[in-house]
Amino acid sequence: MEYKIVEGNYAEIGVTKMADTVYFTFEGEKEQKCAIILYAANGNEICIPVPDEYCIGALRSVGIRGLSWKRFDYNYQIDGEIVFDQHAHKVIGREKWADISRLKNPETIRAGFDFAEFDWKNDRFPEIPREKMIMYKLNVRSFTMDAGAVGRRKGTFAGVMDKIPYFKQLGVTSLELMPVYEFEELMPEKEDPSVEQWSDNAKEGLRLEREKNETARVNCWGYIPGDYYAPKASYASVPEASVELKSLIRALHENGMECILEMYFDEKMNQNIAVEILRYWVKEYHIDGFHLLGAALPVDAMAQDLILRRTKLFAGGFNEHLFEGEPSYKRLFVYNDDFLYAARKLLSRTDGNILELLNQLRRQNPVFGFVNFVASNNGFTLADMFAYLQKHNEANGEDNRDGLIWNFSSNGGVEGPSRKKNVMEYRRKQMRNAVTLVMLGQSVPLLLAGDEFANSQQGNNNCYCQDNKTGWVNWRSEKTNQAYAKFVRQMIAFRRAHPILSCAKPMQLCDYASKGYPDLSYHGDSAWIMSQNLYPQAVGILYCGEYIQKEDGTADDFIYVGLNFHIGQQYLALPKLAKGKKWYLAVNTADKDMPFCEELHEYEKKNQVVVPPQAIVILVGK
């Protein structure tokens with residue numbers, strides 16, 4: 001092979017191509033001896049030294065003119081040690097999910113060249129306003145392994161793309177994908193501490209037994225440091241994972257939906273590079289947003305970055321003082337479990353505080369929004385939250401020590417599966433209550449994949465290593481829980497039909513626009529006055545729809561929500577409407593036959609709402 005060495009351009013870390021020259025830019029001190037190792041398909045290797053003078057700061061950069069890159073994979077060699085390119089756009093050797101053979105042959109992991117062209121077809125970022133967002137969180141593999149996907153599409157980006165019509169029918173606007181960058185899913189077996197006391201012969205026997213059985217624990221989630229510039233090859237049904245992921249994102253955009261990626265960085269991550277990684281995914285993959293996880297995250301630098309200025313960022317918090325005035329495009333979101341615990345404690349009747357929940361329901365901020373959910377991958381699914389009091393993680397191999405201890409769950413009197421009608425109806429009602437609370441929250445609602453049809457993990461609240469029926473979304477539950485799935489769709493549609501519930505502006509709790517009613521008010525036994533009970537378990541919430549317009553330009557309706565977390569029936573005062581308006585029943589979560597009224601019926605009682613035990617009633621005033 002004939003080639004020529006030239007100095008690189010240092011502009012972009014990683015491997016880039018311009019005309020007939022491939023540039024390699026990587027971290028390396030001037031004093032270190034650096035080289036590029038090229039691996040040919042026939043097993044031959046070519047070592048190309050990088051001249052010492054090709055260095056700026058701690059970056060080494062070299063161009064190889066005339067390189068037949070399609071014939072090779074590569075690694076770096078630094079001071080004689082083979083080093084994998086952490087900026088590689090493609091990883092060779094992890095194409096097969098959980099391939100145990102690579103534990104014996106780690107040298108098969110190499111960097112690959114990915115210069116595949118992709119036609120974005122005038123793709124545009126949807127930039128969905130936060131008040132219209134409905135988020136849906138999934139793991140690519142777990143979501144599609146049991147989803148009716150055919151052959152190689154199981155466990156892949158293509159399998160997710162097949163579900164776009166389903167997302168649209170559900171009402172989802174924004175997909176949140178758990179890590180899709182390259183990570184090593186095979187985990188070394190955890191050693192029993194007692195093994196240290198074994199004889200050398202016994203230890204050798206254990207090693208041979210493991211090699212014979214060829215087993216390893218699998219990390220299905222990927223919350224570990226990875227190769228952040230490469231999409232996960234085993235999540236693709238074709239050799240070019242980048243093309244399949246881009247096809248998914250383009251298809252989502254064509255259907256008016258967003259793609260948000262989870263990114264996990266540990267405390268060792270170079271913060272400058274963390275910012276650059278996000279830039280790369282936005283420029284190369286048209287990603288709409290990132291949920292930032294880990295330690296020492298430079299979230300404020302990310303929020304101020306010019307390239308990321310219209311990219312949605314989700315994190316534990318932001319420095320609000322960095323931003324002057326209200327932004328023209330609201331794209332910062334606080335993502336924590338405050339709403340989860342406020343709702344779960346009341347739903348399970350475990351030391352709940354209704355005032356805390358009311359604050360969570362109306363939390364909003366001029367600069368940043370919030371994300372509301374009652375179930376996530378870290379903890380019980382929504383169905384398991386009302387079927388198990390205790391976690392059941394024995395299959396994880398950690399003696400049930402892993403996973404959250406405090407789940408604030410309830411089981412209706414029976415742990416796990418039950419055929420008792422009263423137990424099952426209690427659980428279904430509580431699921432309706434939970435999803436109703438999420439859809440009533442002023443901030444962005446989020447569903448965990450499968451929660452819309454009561455997917456269960458059999459009480460396992462930490463399925464990070466369950467690459468099986470336990471961890472996979474069970475799509476048969478969609479058929480067995482059709483009534484509940486329909487209710488979820490109806491509640492999403494109800495939220496979208498009434499923008500007062502998702503108002504982007506913080507509520508003032510007063511009649512600041514002279515509408516005759518406060519924008520938001522609370523009611524107890526008497527109208528306009530909350531219960532004098534120090535720890536009330538029931539409250540009425542009135543939203544004045546006059547403060548916001550619907551898509552057709554007309555004012556929204558009045559919405560009255562009666563919350564009752566007490567075990568007994570409660571009576572709440574119902575404020576009078578303006579002349580010509582009447583109250584209509586829309587939702588009663590205690591009604592097992594028709595919890596959502598497809599046709600509004602006038603509410604008979606004029607001044608009072610009767611809320612059944614542990615239920616939510618919603619009225620519409622129009």
Side-chain angles (χ1 to χ4, degrees), residues 1-96 99 101-116 181-186 225-234 239-242 268 270 273 276-277 280 284:
M1 179 183 69
E2 293 185 4
Y3 59 87
K4 181 181 179 181
I5 299 296
V6 297
E7 188 168 6
N9 57 15
Y10 305 96
E12 187 173 344
I13 303 177
V15 174
T16 57
K17 185 171 72 74
M18 186 177 297
D20 64 343
T21 304
V22 177
Y23 294 96
F24 298 80
T25 304
F26 58 97
E27 182 179 350
E29 299 291 345
K30 189 173 184 179
E31 294 77 11
Q32 293 177 312
K33 295 299 180 184
C34 302
I36 299 166
I37 308 297
L38 298 175
Y39 305 94
N42 60 8
N44 291 338
E45 297 182 11
I46 301 174
C47 179
I48 302 177
V50 178
D52 295 344
E53 61 270 22
Y54 290 179
C55 179
I56 294 181
L59 278 184
R60 306 292 292 270
S61 187
V62 63
I64 305 179
R65 188 166 294 162
L67 175 63
S68 301
W69 56 270
K70 293 181 180 180
R71 296 167 48 196
F72 299 98
D73 303 325
Y74 75 96
N75 277 325
Y76 295 127
Q77 186 183 72
I78 300 179
D79 287 342
E81 180 183 354
I82 299 298
V83 177
F84 180 82
D85 182 9
Q86 296 296 325
H87 291 78
H89 295 177
K90 184 177 183 179
V91 177
I92 305 298
R94 294 205 194 108
E95 294 82 3
K96 183 179 179 181
D99 184 0
S101 66
R102 65 173 176 261
L103 289 183
K104 299 178 182 179
N105 304 291
E107 70 279 0
T108 60
I109 305 299
R110 299 169 180 172
F113 298 99
D114 184 4
F115 301 127
Y181 52 79
E182 270 290 0
F183 62 89
E184 178 52 79
E185 66 270 14
L186 292 174
D227 304 308
Y228 294 104
Y229 290 83
K232 190 153 183 57
S234 60
E240 296 298 340
S242 62
K268 297 179 182 179
N270 182 308
I273 290 184
E276 181 56 39
I277 288 169
Y280 170 79
E284 187 68 22

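One N or O on the side chain of Glu184 and one on the backbone of Leu186 form a donor-acceptor pair closer than 3.5 Å. Judged purely by atom type and a 3.5 angstrom limit, Lys232 uses its side chain to pair as donor or acceptor with the backbone of Phe183.
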Q.
Assess the residue pair Glu240 and Asp114 against the criterion (side-chain contact (heavy atoms from CB on, under 4.5 Å)); give the C-alpha distance rounded to whole Å, side-chain angles, the decisive distance to 0.1 Å, and a yes or no.
A. CA-CA 8 Å; Glu240 296 298 340; Asp114 184 4; 3.6 Å; yes

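Side-chain contact check for Ile277 versus Tyr229: some heavy-atom pair is nearer than 4.5 Å. Side-chain contact between Val83 and Gln77 is absent, with no heavy atoms from C-beta onward closer than 4.5 Å.
Atom CD1 of residue Ile5 and atom OG1 of residue Thr21 lie 10.0 Å apart, to the nearest 0.5 angstrom. The CG atom of Asp99 sits 3.0 Å away from the OG atom of Ser101 when rounded to the nearest 0.5 Å. Put simply, CD on Glu185 and CZ on Arg94 are 7.5 Å apart, with the number rounded to the nearest 0.5 Å. Distance CG/Asn9 to OG1/Thr16: 5.0 Å, rounded to 0.5 Å. The distance from atom CD of Gln86 to atom CG of Asp227, rounded to the nearest 0.5 Å, is 5.0 Å. Note: Ser234 OG to Lys96 NZ = 11.5 Å, rounded to the nearest 0.5 Å.
The nearest pair of heavy atoms linking Lys90 to Ala230 is N-CB, 3.8 Å. Scanning all heavy atoms of the two residues, the minimum distance from Asn75 to Ile109 falls at ND2-O, 3.8 Å. Of all heavy-atom pairs spanning Glu107 and Arg110, the tightest one is O-NE, 3.7 Å. Among all heavy-atom pairs drawn from Ala233 and Glu95, the shortest one is CB-CA, 4.0 Å. Residues Thr25 and Ile13 share a closest heavy-atom pair of O-CG2, 3.6 Å.
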Identify all side-chain donor-acceptor contacts of residues 43-58 below 3.5 Å with residues at least two apart in sequence or on another chain.
residue, atom, partner, partner atom, Å
Asn44, ND2, Asn42, OD1, 3.4
Asp52, OD2, Lys33, NZ, 2.9

Cut-off 3.5 Å, no hydrogens considered: what does the side-chain donor-acceptor table look like for residues 67-74, sequence neighbours left out?
residue, atom, partner, partner atom, Å
Tyr74, OH, Asp85, OD2, 2.6

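Relative orientation of the Tyr76 and Phe26 rings is parallel, given thresholds of 30° and 60° on the angle between their planes.
Other residues, nucleotides and ligands place no more than 12 heavy atoms under 6.0 Å from the CD atom of Glu81.
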